[in-house]
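Working notes, beginning with the structure itself.
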Number of protein chains: 2
Amino acid sequence: MVKAERIRIYDVARVAGVSVATASKALNDTGRMTEETRRRVKQTAAALGFRPNAMARALTQQRSFTIGLLTNDTYGRFTLPVMAGVSEALVDQGVSVFLCGIEDDAALARLHLDAMLDKQVDGIIATGKRIDRRLPVDLSHLPVPVVYAFTEGPDDAVTLVSDDAQGAREATQWLAQIGRKALVHITGPESFVSVAARAGAFRAVAGRGAQVLHGPWSEAWGHAAIAKLWDGDAPRPDGIFCGNDQIARGVVDALRERNVEVPGDVSVIGFDNWEIVAAATRPPLTTIDMNLKELGREAGRLILDLAEGKPVEPGIRKLPCKLVLRQSCGGDAIAVRNQEEMLQES
Amino acid sequence: MVKAERIRIYDVARVAGVSVATASKALNDTGRMTEETRRRVKQTAAALGFRPNAMARALTQQRSFTIGLLTNDTYGRFTLPVMAGVSEALVDQGVSVFLCGIEDDAALARLHLDAMLDKQVDGIIATGKRIDRRLPVDLSHLPVPVVYAFTEGPDDAVTLVSDDAQGAREATQWLAQIGRKALVHITGPESFVSVAARAGAFRAVAGRGAQVLHGPWSEAWGHAAIAKLWDGDAPRPDGIFCGNDQIARGVVDALRERNVEVPGDVSVIGFDNWEIVAAATRPPLTTIDMNLKELGREAGRLILDLAEGKPVEPGIRKLPCKLVLRQSCGGDAIAVRNQEEMLQES
DNA sequence: CCTCAATGGAAAACCCTTTTCTCAATATTG
DNA sequence: CAATATTGAGAAAAGGGTTTTCCATTGAGG
């Protein structure tokens, strides 16, 4: 650690032979001066490695160039991609992000929230692990704007979620497209709004009679569901769309244990594109990606607009999911053909 | 969003009928005044919901009450627990944490670092996914203190790592203790320092002839290693210590496929205690936990001490790992007996 | 010579807390 | 009963570096 003297705008001004006022205006592209002066100041600043002190800047601009990200997602399954997107959208603007993990503890949430408000954050992004649950803290009367990403907020809030129905549609249509006829959806607990949305879209494509099985979000449930389907007398499916990648992994493992070929006999699609699960499955999972990083980027852009006082339409924005092809689904020939068609169209 | 006027110390002073100077002193337990006055001011502040503006405070105290956490761990496997610990240690002191994910991009790292320095962070914690690799940015001549946690730093730095050798020793000793005789260590690439440390400790306990197999950090390698061990003519092990939980999962799955009972015939121990892997394995993995959260807490405490100018001894601090018992290892009776003994001793 | 535009500078504003210094009032001492 | 010490509390400045406002200077054109 070296207590190097920081270069101040005063130094830049002195070296460039102008006043601090002119230096400031030169660097911020405001005020009036010859291009030559502006260029010289900028050059000097660059040469000296001048970087404006954000704290001093905050004084005059009423902005701290910091935002807070509040999450109750301990594993980071959803938060990390969102965070990465948020950061990416903001770092270029010199905005840094406070990350606060609050688990489901209201007191802890309050503590973090207060600490951030004390630091005059320009805005807060609330994010969670479930789009139909709220964080254990009320963010609706804060002195700063709030964007909700992948968590529920008040009706008049700016909220970003992934489009579960569209994602489920993509998956189901893909199964149909590669020739699977008997489709089943093995998914999470009915109480989740996203489960209902996905199941609804699945039925809309697969036919109202298509079977939907609900259970916990676990590999074990994937196993159990396959046991239920294969050990009974009912006709067996040849296409299985799972509510998340963990269930899908359980399903694939269970099928392999029964010597059912994936994707030869049965095609399986997951949901989440959680690399760590999807890539380790044998064969690797074709799955739906929720584009959480893009969701984060959008959240970053929105909170920035709000912080700058730009108008932002409140309401729920659904961002599209996309199908990620690996090997658990087969139909590669069709996949290639379709991609070629898409290329030709564009 | 409600632009509620923030309560300033001026307001507290007015309501309490004292000057701002007195109010400040009352709230900070400095200066001289009657207990009655101090109490009245504090009560007023609480009643009005006064919270000091951290930015103004930073002006006089030369501290921003923020620290930065720099990481290149995209999945958050290591970062998230560390981050949780750091936060936990700091939030009570009113310190907030900037999280910056820099992947392995030096330019991005620089960008984040500059943004944080501009905001006058009181210190920086560098963290990574590997203790023998450095972040792609030089942190050795910054105007603020740095603590390295789970990543390599300069020799004269304050560095925190988990004690790989001790963790491996715990695991191997446990296998020996429950009666396993033929031990094998299936682990990651030799190039990792932690792999060497763990392998060394394994050999020290299991005997110099005990086999160590190196491969990638994947489930697939776990499978492949079992194939190698079981398909050859060599005597088969009855205790397997794995370099991480993913390998261990591959091992357990491969053994099940060969109808080898875990833990009946073979005991398996993992490393990392990555819930999402360890708990989903059938049977759930007994594994070594690196206490990353505690490591984060310690990093938080250290950076705080450094920020306050307290002396901190430089060097590498190794924090102990601990064995987490689940079902892949068996020896439950022994486990219970030992725990009872420990209870009696304490 | 006057006016105007262009350029650049001096100084205030920005924000709110903490700290220093001072003073009055009371207590203590010789 | 002075003279000194102690206590309680307030006024004002410091703390920080940038941005912004407004004014001064210069040179050109009328």
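As the structure is a computational prediction, the values presented were derived from the model and not from experiment. The chains referred to below are lettered A, B, ... by the order of the sequence lines, with proteins before strands, and numbering in each begins at 1.
The nearest whole Å value for the distance from the CD atom in A:Gln61 to the C1' atom in C:dA13 is 13 Å. If you measure from atom CD of A:Gln62 to atom P of C:dA13, you get 15 Å, rounded to the nearest angstrom. Between the CE atom of B:Met33 and the C1' atom of C:dT19 there is a distance of 13 Å, given to the nearest Å. In this entry the distance linking CZ of B:Arg6 with P of C:dC15 reads 14 Å, nearest Å. B:Ile7 has its CD1 atom 14 Å from the C1' atom of C:dC16, to the nearest Å.
When the ring pair (Phe, Tyr, Trp, His ring centres under 6.0 Å) test is applied to A:Phe150, the partners found at least two apart in sequence or on another chain are A:Phe78. Applying the side-chain contact (heavy atoms from CB on, under 4.5 Å) rule to A:Asp92 yields the partners B:Leu111; only residues at least two apart in sequence or on another chain are considered. With sequence neighbours excluded, no residue satisfies ring pair (Phe, Tyr, Trp, His ring centres under 6.0 Å) with B:Phe50. Evaluation of the side-chain contact (heavy atoms from CB on, under 4.5 Å) rule for B:Leu59 yields no partner, not counting sequence neighbours. Considering only residues two or more places apart in sequence or on other chains, B:Asp118 meets the salt bridge (charged side-chain N to carboxylate O under 4.0 Å, His left out) condition with A:Arg6, A:Arg51.
With salt bridges taken as basic N to acidic carboxylate O contacts below 4.0 Å, none links B:Lys293 and B:Glu298. Using a cut-off of 4.0 Å between Lys/Arg side-chain N and Asp/Glu carboxylate O, B:Lys310 and B:Asp305 are scored as salt-bridged. Ion pairing between A:Arg110 and A:Asp114 holds under the 4.0 Å rule for side-chain N and carboxylate O. Ion pairing between B:Lys42 and B:Asp29 holds under the 4.0 Å rule for side-chain N and carboxylate O. A salt bridge does not link B:Arg130 to B:Glu152: none of the charged nitrogens lies less than 4.0 Å from a carboxylate oxygen.
If you check residues 14-25 of chain A against DNA chain C, the residues with a heavy atom closer than 4.0 Å are A:Gly17, A:Val18, A:Ser19, A:Ala21, A:Thr22, A:Lys25, listed by number. Using a 4.0 Å cut-off on heavy atoms, none of the residues of residues 113-123 of chain B approach DNA chain D. Near-neighbour residues of DNA chain D inside residues 34-44 of chain B, defined by a heavy atom below 4.0 Å, number-ordered: B:Thr34, B:Thr37. At a non-hydrogen distance threshold of 4.0 Å, A:Leu59 from residues 49-59 of chain A come into contact with DNA chain C.
Applying the ring-ring contact (aromatic ring centres under 6.0 Å, His included) test to every pair with at least one member in residues 88-138 of chain B, sequence neighbours left out, gives these pairs: A:Phe98-B:Phe98. Applying the salt bridge (charged side-chain N to carboxylate O under 4.0 Å, His left out) test to residues at least two apart or on different chains, none of the pairs has a partner in residues 135-149 of chain B.
In terms of heavy atoms, B:Leu135 sits closest to B:Ala126 at CD1-CB, 3.7 Å.
For the residue pair B:Ser96 and A:Lys119, a side-chain donor N or O sits within less than 3.5 Å of a side-chain acceptor on the partner.
With hydrogens and angles ignored, the 3.5 Å screen pairs no side-chain donor or acceptor of A:Arg57 with any backbone N or O of A:Gln62.
In summary, contact between chain A and DNA chain D, defined as any nucleotide atom under 4.0 Å from a heavy atom of the protein, begins and ends at D:dG16 to D:dT21 in the 5' to 3' direction.
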